[in-house]
Amino acid sequence: MRRLPVLRSSSFRIVGLFAACFLVSGLMVVALSGYHSQKLLLQQLRRTVAAERDEACSEAQGQDVPRLRPVIHELVRNEPAFYYLLQDGREQVVIGNMLHLRPVTGWRWLTWTHRTTPADHHPVIGYGAVLQDGGYFFVGIDATPLQSLRRDLWFTLAWSSIAFLLIGLGGGFILSRLVLGKIETISLTAREIMRGDMSRRLPLNGTGDEFDHLSGSLNAMLDRNEALIASVRQVSDDIAHDMRRPLARLAQHLDEATETPQPDRRDVALERAKGDLHDALEIFSSLLRLAQIEAGDRIPGSQTFPVADLFETIDAFYRAVAEDHGQTLAMSMPPPDMVIEGSRVLLVQMLSNLVENAINHSPSKTVISLSATTHEGGLAMVVADTGPGIPVDDRERVFEKMVRLDASRTVPGTGLGLSMVRAIVRLHGGTIRLDDNAPGLRCEITLPASVVGQT
């Protein structure tokens, strides 16, 4: 698979968009700041010119050419920082350090085209006024600082644009390379998993960032998928192993029914074939029921009822069965105010599977007990027996689908009973644990406080 070019990546486009917004906002800040500085400097220059003009008119005690002439003469000699021009009514220069100007009243900006004596090309900002006798009086000041400020503003805007653009593009390129590197790692791992390497996992940087969080979530999903695939493979192998026997018996009995000429023997063979078919259908039905429970995210038909009702139901179902096997079913009835919230049908099936397993896999004179206690707001139900128990190494394996220990191969069953029990316990948010009962087996089911209460 071809690597995604950096310039076409979403991260580069996002960073590029951010850089564009940053560029526009930065240039706006620079432009507004420069405009404000220019405005302040222009106001300062105008105040200086206005003060100088007012002072000259005040000293002349009038606004006509004869009175202003001596004042302007002194100012030209003593105020070299200013520009003065006094013209008569015929627009002839009377005195000043500037050449002729067209009489225009108001503020004026004179660029390098203005005339001075001696000639220079400094910009001038000043104010001109037509006098009472038709003359013209102009006072100005060097505007080079304002012109430099304007030039520097454009210079700053130009270089800022280039800097912001380079930083944005460079940052976007670097960030995109980093992001694409992480994404490419995820993509490479996914391709290796697609090729069949189910053990591959995404590496963690240990930084705890969003990529580590994503990798951890994907790794957990991959672990779950690998476990499910392994479970499916195990189920397929177990079905192939355990279904061979009833199907082989079914074929054998059907052959007997078709080959024997005696009606009695034919009926017996067909009845046995019917039992073999029932066993095969029971295996598939149990697998379907187990898959529905494991796929559920909510408890079907949830209700609140006394725990004692469960025990009474189990007692009614299995006391006589246990006595037929020469066993004893000991019930420790919980108090009537101990209640549980959940599926009554599923919880009855859970306890039934445990008690039935104890009956089927234990010899006579075995004592099978059922009790319930509360602790820290939770509920613990215990099914214990004094039978042969289960070896420590097999106590976790017996919860897998279709798993039957060698000692139980001769006992009727599908190998799904304990798998069903664990699925029901997990659906109710609980845990199940097998321990040594010395002798026998102790199965403890713990349900959380959220499904346990007191009436």
Side-chain angles (χ1 to χ4, degrees), residues 224 227-228 231 235 281-322 329 331-360 368-385 396 398-403 413-434 441-455:
R224 177 62 175 165
L228 291 176
S231 177
V235 170
L281 292 176
E282 184 180 356
I283 292 176
F284 284 113
S285 178
S286 298
L287 285 172
L288 178 60
R289 179 65 170 162
L290 179 58
Q292 290 173 342
I293 295 175
E294 290 180 335
D297 58 354
R298 62 180 60 187
I299 303 173
S302 180
Q303 57 181 317
T304 301
F305 55 92
V307 180
D309 287 357
L310 291 177
F311 283 41
E312 291 174 355
T313 302
I314 298 300
D315 185 70
F317 285 170
Y318 291 101
R319 182 170 294 278
V321 177
L329 181 59
M331 308 289 291
S332 297
M333 285 294 177
D337 62 346
M338 182 185 295
V339 299
I340 186 172
E341 181 181 357
S343 171
R344 182 188 181 92
V345 174
L346 292 180
L347 292 175
V348 168
Q349 182 178 2
M350 175 188 73
L351 294 178
S352 298
N353 287 356
L354 293 174
V355 173
E356 188 172 338
N357 275 352
I359 292 175
N360 292 335
I368 303 170
S369 61
L370 180 59
S371 60
T373 57
T374 57
H375 58 90
E376 297 180 358
L379 173 68
M381 289 187 289
V382 177
V383 178
D385 63 68
E396 185 62 28
V398 293
F399 288 109
E400 298 176 4
K401 300 181 183 68
M402 307 297 295
V403 170
T414 62
L416 295 171
L418 290 179
S419 298
M420 189 80 70
V421 169
R422 184 170 65 174
I424 295 173
V425 171
R426 288 180 174 176
L427 181 63
H428 286 77
T431 58
I432 184 171
R433 188 181 67 201
L434 300 180
L441 182 68
R442 171 187 169 88
C443 178
E444 181 176 351
I445 298 171
T446 302
L447 299 178
S450 60
V451 297
V452 178
Q454 298 286 333
T455 58

F305 and I340, any side-chain heavy atoms less than 4.5 Å apart: yes
Considering the options R422, M381, M350, which one meets the side chain to side chain contact (heavy atoms under 4.5 Å, CB included) requirement together with I432? R422
CD1 (I359) and CG (L329) are apart, to the nearest 0.5 Å, by 6.5 Å
All side-chain contact (heavy atoms from CB on, under 4.5 Å) counterparts of S369, not counting sequence neighbours: A330, A384
Distance in Å, I314 CD1 paired with E356 CD, rounded so as to fall on 0.5 Å steps: 10.0 Å
Can you tell me how far the CG atom of L347 sits from the OG atom of S352, to the nearest 0.5 Å? 10.5 Å
Tell me the salt bridge (charged side-chain N to carboxylate O under 4.0 Å, His left out) pairs involving residues 300-313, sequence neighbours left out? D309-R344
Report the residues that fulfil side-chain contact (heavy atoms from CB on, under 4.5 Å) with T373, sequence neighbours left out, ordered by chain and then residue number. A380
Closest heavy-atom pair and its distance - E341, S302: CG-OG, 3.6 Å
Taking atom CG of L351 and atom CG of D315, what is their separation to the nearest 0.5 Å? 12.0 Å
Side-chain contact, heavy-atom cut-off 4.5 Å: I424 with N353? no
Do you know the tightest heavy-atom contact between A372 and P334? CB-CB, 4.4 Å
So CD of E444 and CG of L434: to nearest 0.5 Å the spacing works out to 10.5 Å
Using side-chain contact (heavy atoms from CB on, under 4.5 Å) as the criterion, list what pairs up with N357, not counting sequence neighbours. H361, L418
Can you pull the salt bridge (charged side-chain N to carboxylate O under 4.0 Å, His left out) pairs that have at least one residue in residues 423-432, sequence neighbours excluded? none
L370 side chain near Y318 side chain, heavy-atom distance below 4.5 Å: no
Would you check, one step at a time, whether the test side-chain contact (heavy atoms from CB on, under 4.5 Å) holds for L354 with I445? CA-CA 11 Å; L354 293 174; I445 298 171; 3.5 Å; yes
Partners passing side-chain contact (heavy atoms from CB on, under 4.5 Å) against S371 (at least two apart in sequence or in another chain): S332, V382
